[in-house]
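Here's the structure we're looking at; comments come further down.
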Amino acid sequence: MKALSNLIKQAIMKAVITTLTLCLLLSCNQKATTLKKEQKPNVLFILVDDLGFKDLSCTGSTFYETPHIDNIANNGMVFNQGYAASRVCSPSRASIMTGKFTARHGITDWIGAKHGTAWRDHNRHDKLLPPDYVHSLPKNDITIAEAMKNSGYKTFFAGKWHLGKEGSYPEDHGFDINKGGWDKGSPIGGYFSPWKNPNLKNITKGENLSMRLAKETSEFIKKHRDTSFFAFLSFYAVHGPIQTTQDKWGKYRNKAEAQGIKDKGYKMERVLPIRQEQDNPIYAGLVESMDDAVGLVLNTLKELDLDQNTIVIFTSDNGGVASGDNYSTSNLPLRGGKGYQWEGGIREPFFIKVPWYDTHGAHSNYPVIGTDFYPTILDLIGADSIPEQHVDGISLKPLLEGKQLKNRSLYWHYPHYGNQGGEPSSIIQDNGWKLIHYWEDDRNELYHLASDINEQTNVATKHPDITEQLSSKLNAWLLKVGATMPSKDLEYNEALKLKRQDYLKNEFMSKLEKDRMRFLSPDFEPNADWWQSKITLD
């Protein structure tokens, strides 16, 4: 009996210990779950340079392939009327950072662009002289990075900055870490190592720049997985120079041939020839390499089990380059492209993925713009808004929750000439109407976007009341924010202007068509090592 009693006591003791252990484990697990729930969400912001609205397979391209970016769109909300704050890079980027429209923060052109009488150096023979502009991100602005840092976030920047010289780099505006951000707006030295960037060391010869920026971002995420982080991945791609590997070029050259190569790829726009076909195999390869890099970062989030606690934002800083620069892509059915005042210059891919919202594949037709990211991010992470800072943005959180937002006006101001054919003009979009005011001759164009997405029918004279209403509203806003204006060039020569236009329409257009066919030729080879992509071994 005594032995039996001891056995019973031991069994009871064992049961008690087991129960206490289970309770302790349950308590620990509950604590860990609570901590995970209380941890602020991470934010990954992906900004692509010069990516057009139709440059993704999920936005309608049948030529470019972007499965990883498509995944963001398919699992988040797609804003069909998503806009950049400018038709060129620096102003748009400054608006994302500050939450202000370009006329308000003063960076109205890409930093480095000529202005005043120096504009004549381009031999463009234009009627106006562009005004000066702010040449670096204003110090008195609280950037989104500074706001995130004040909210307890570790902040990281990789890639293109182009918002000022040394002293106005990412680390001077709230980013703890800067990998590759400096004053240059293009990848100096190209997309394959060795590149020339004082803030991004060369490690492996032939390394792809987009993938390197993705690796740096992934390493940052791995290192700070247990903290709340704000990672801003700002690709130099798909800005010129347009480069890819021989393999990717071959893939897309064959695809273009299979789809049928058109005899002509260009037509004359108002100022310059403009590309009509998405069939550039070099550009297609550059787009895919950037998408591969996006995939690497998204996979890192998933592998670390961070994807369900990370907000992912994806957009571009201006339209695809269809004229000027490298004549890379077509934005059709949108008119124009980078530098232009039409939709092709400002309408962008604009995706927000918030894992805890059921927005998978949802689309919103509410017009949104780059200044909205700032207050939206703060709202999503539960931080206080800074209305005196992000004065031109609104939180899009209600839309993500299935709610409605009231109508508002959107404004753009670009008192400059674009390298791509755009004209000095200001824009207001309100309730489906878009009015463009041109500063060369004070004329107006009015488009009803819902019925004329191509912007082919100017209805300003047909709807004089709407034209007058929007014009008055635009002028009042420009006056309120102190917008700078171009001035007449007293040395303007009409004859030289017409001579240049004749050259562009005839000789230059012919050259573009020859280059297009050369890129699609089976024996095309830019150089012996395909822009250094083949020199990975010494």
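For the numbers below, each heavy atom of this structure counts, side chains included, while hydrogens, waters and symmetry mates do not.
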Item to complete: Compare all side-chain heavy atoms of Ser95 with those of Arg93 and state whether any distance is below 4.5 angstrom.
Response: no
Worksheet item: Can you tell me if Asn458 and Tyr447 form a side-chain donor-acceptor pair at under 3.5 Å?
Response: no
Item to complete: Look at Glu277 together with Lys262 and state whether they make a salt bridge at an N to O cut-off of under 4.0 Å.
Response: yes
Discussion item. Aromatic contact between Phe373 and Phe350, with the criterion being ring centroids under 6.0 Å apart: yes or no?
Written reply: yes
Worksheet item: Looking just at side-chain N and O atoms, do Thr155 and Asp176 make a donor-acceptor pair shorter than 3.5 Å?
Response: yes
Fill in: Pairwise side-chain contact, Tyr411 with Ser409, heavy-atom cut-off 4.5 Å (strictly under)
yes
Fill in: Ring centers of Trp412, Tyr83 separated by less than 6.0 Å
yes
Worksheet item: So, Asp441 and Lys127, do they make that salt bridge, N to O below 4.0 Å?
Response: no
Worksheet item: Any chance the rings of His416 and Trp119 have centres within less than 6.0 Å?
Response: no
Worksheet entry | 4.5 Å side-chain heavy-atom contact, Trp439 and Ser426 | yes
Worksheet item: Does Leu334 reach the side chain of Asn454, with side-chain heavy atoms less than 4.5 Å apart?
Response: no
Worksheet item: Under the 6.0 Å and 45° cation-pi test, does Arg443 pair with Tyr438?
Response: yes
Worksheet item: Phe230: what forms a ring pair (Phe, Tyr, Trp, His ring centres under 6.0 Å) with it, not counting sequence neighbours?
Response: none
Fill in: Lys100 and its salt bridge (Lys or Arg N to Asp or Glu O under 4.0 Å) partner, picked from Asp372, Asp141, Asp392
Asp141
